[in-house]
Amino acid sequence: MQILAGLGNPGGKYARTRHNIGFMALDRIAEDHGFTPWRARFQGEVAEGRLGQEKVLLLKPQTFMNNSGQSVGEAMRFFKLTPAEITVFHDELDLAPGKCRVKTGGGHAGHNGLRSLHAHIGEAYHRVRLGIGHPGRKEAVAGYVLHDFAKAEEDWLDDLLRGISDGAPALAAGDTGRFQNAVALRVAPARSSKTAAPAPAAPAPAAAPERPAPQAEPAPDTRNPLQRLADRFR
């Protein structure tokens with residue numbers, strides 16, 4: 001048994017914001033892998049199912065981002081799990097949009113959802129860091145993460161979520177390399193290494209047959225008949 005938790009804020013107002021990409025990832029996994037309908041439990045919404053051979057609980061805390069650890073901690077203690085059996089999906093300002101990295105332990109880097117998790121379950125849980133990019137100025141971060149994804153971002157966002165769903169069984173099995181490869185194949189699909197063969201060169205036109213040089217015509221004989229007759233007997 002393990003828990004995959006997505007971080008975000010409850011309510012339709014926040015549903016498509018960058019801060020809610022963790023919720024979006026879990027929604028895609030639940031839909032694609034036949035999980036149970038979402039229901040209220042552990043101060044959050046949960047769905048149950050399997051990823052490969054692993055029994056998994058998907059958890060979306062409804063405590064708002066800053067108190068995410070309350071919900072995750074309650075579920076972890078109920079199932080008598082350790083932080084090593086918890087994987088958290090969250091937005092990451094320090095990764096370019098569409099990038100995905102898996103990490104275990106470490107600091108919270110100022111992310112309020114992770115800060116709350118550190119306080120309730122410690123730091124030794126797994127994290128799937130989902131890149132949303134940085135607005136460029138520290139004072140713009142709050143508005144940026146609470147703003148909806150732009151229409152221009154929808155393609156890479158959909159590819160990222162599909163890749164996460166594709167690789168979810170590998171992630172549950174602990175194969176983070178195969179998980180990240182599944183994401184990469186969606187976000188940046190490999191191009192064929194085969195290149196088109198160059199077209200064969202057109203054959204050179206056959207050389208025209210060489211014609212003999214024209215011979216000069218003999219000059220007309222201007223001698224009178226008596227001179228021609230005399231020349232014959234010389």
Side-chain angles (χ1 to χ4, degrees), residues 2-29 42-45 58-77 81-150 152-154 156-157 159-161 163-164 167 171 176 179-180 183-184 187:
Q2 59 183 282
I3 295 174
L4 302 186
L7 301 190
N9 289 306
K13 175 182 177 181
Y14 300 104
R16 297 296 297 173
T17 63
R18 296 182 178 92
H19 226 15
N20 273 39
I21 194 171
F23 278 11
M24 296 176 198
L26 263 57
D27 285 336
R28 181 59 61 90
I29 292 171
F42 306 124
Q43 302 179 64
E45 292 184 350
L58 303 180
L59 171 60
K60 297 188 295 184
Q62 300 294 292
T63 52
F64 285 92
M65 180 68 78
N66 293 5
N67 294 312
S68 299
Q70 293 179 12
S71 173
V72 177
E74 182 179 332
M76 186 184 79
R77 289 186 293 272
L81 301 178
T82 68
E85 293 162 301
I86 310 295
T87 300
V88 176
F89 293 78
H90 67 89
D91 58 305
E92 178 57 74
L93 289 163
D94 293 332
L95 286 179
K99 295 293 184 183
C100 174
R101 296 290 183 270
V102 180
K103 176 182 179 180
T104 300
H108 53 67
H111 190 293
N112 288 332
L114 301 184
R115 191 195 306 274
S116 177
L117 282 159
H118 277 46
H120 286 86
I121 70 172
E123 65 168 65
Y125 54 92
H126 307 295
R127 310 169 200 184
V128 179
R129 304 163 63 216
L130 305 175
I132 60 170
H134 197 287
R137 295 178 295 110
K138 185 176 180 181
E139 60 271 22
V141 166
Y144 177 76
V145 298
L146 293 176
H147 195 279
D148 286 2
F149 281 103
E153 298 175 293
E154 288 179 358
W156 70 252
L157 176 60
D159 287 340
L160 176 62
L161 298 178
I164 289 168
L171 181 68
T176 57
F179 166 72
Q180 293 197 152
V183 175
V187 176

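Residues: numbered from 1 along the sequence shown. Model, not experiment: these values are computed from the prediction.
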*To the nearest 0.5 angstrom, please state how far the CD1 atom of Ile164 sits from the CG atom of Leu4.*
11.0 Å
*Short question: side chain of Ser116, backbone of Gly113 - any donor-acceptor pair under 3.5 Å?*
no
*List for me each residue that meets ring pair (Phe, Tyr, Trp, His ring centres under 6.0 Å) alongside His147, sequence neighbours excluded, and say none if there are none.*
none
*List in chain and number order the residues that pass ring pair (Phe, Tyr, Trp, His ring centres under 6.0 Å) with Phe149, two or more places apart in sequence or in another chain; answer none if no residue qualifies.*
Trp156
_With a 6.0 Å cut-off (strictly less than), is the heavy-atom count around CZ of Arg115, excluding the residue itself, greater than 12?_
yes
*Supply the atom-to-atom distance Lys99 NZ to Leu130 CG, rounded to the nearest 0.5 angstrom.*
13.0 Å
*Under the salt bridge (Lys or Arg N to Asp or Glu O under 4.0 Å) criterion, do Lys60 and Asp27 qualify, and how do the steps go?*
CA-CA 9 Å; Lys60 297 188 295 184; Asp27 285 336; 2.8 Å; yes
*Student check: side-chain heavy atoms of Asn9 and Asn20 closer than 4.5 Å*: yes
*For the atom pair CZ (Phe89) and CG (Leu58), what is the distance rounded to the nearest 0.5 Å?*
8.5 Å
*Could you pull out the closest heavy-atom pair between Phe23 and Gly6, with the gap in Å?*
CE1-O, 3.2 Å
*Set of residues satisfying ring pair (Phe, Tyr, Trp, His ring centres under 6.0 Å) with respect to His111, sequence neighbours excluded*: His19, His90
Please tabulate, for side-chain N and O atoms in residues 100-110, each donor-acceptor pair with protein atoms closer than 3.5 Å (sequence neighbours left out).
unit_1	atom_1	unit_2	atom_2	d
Thr104	OG1	His126	ND1	2.7
His108	ND1	Gly110	N	3.0

*Drop me the distance from Leu160's CG to Ile21's CD1, to the nearest 0.5 angstrom.*
5.0 Å
*Say you draw a straight line from CG of Leu171 to OG1 of Thr87; how long is it, rounded to the nearest 0.5 Å?*
5.0 Å
*Kindly say whether the aromatic ring centers of Tyr125 and His118 come within a distance under 6.0 Å.*
yes
*For residues 122-144, pull every pair meeting salt bridge (charged side-chain N to carboxylate O under 4.0 Å, His left out), keeping only residues two or more places apart or in separate chains.*
Glu92-Arg129, Arg137-Glu139
Would you tabulate the side-chain donor-acceptor contacts of residues 63-73 under 3.5 Å, counting partners in other chains and residues two or more places apart, or write 'none'?
unit_1	atom_1	unit_2	atom_2	d
Thr63	OG1	Asn67	O	2.9
Ser68	OG	Met65	O	2.7
Ser71	OG	Phe42	O	2.7

*Check against side chain to side chain donor-acceptor pair (under 3.5 Å), Glu74 and Gln43*: CA-CA 8 Å; Glu74 182 179 332; Gln43 302 179 64; 2.8 Å; yes
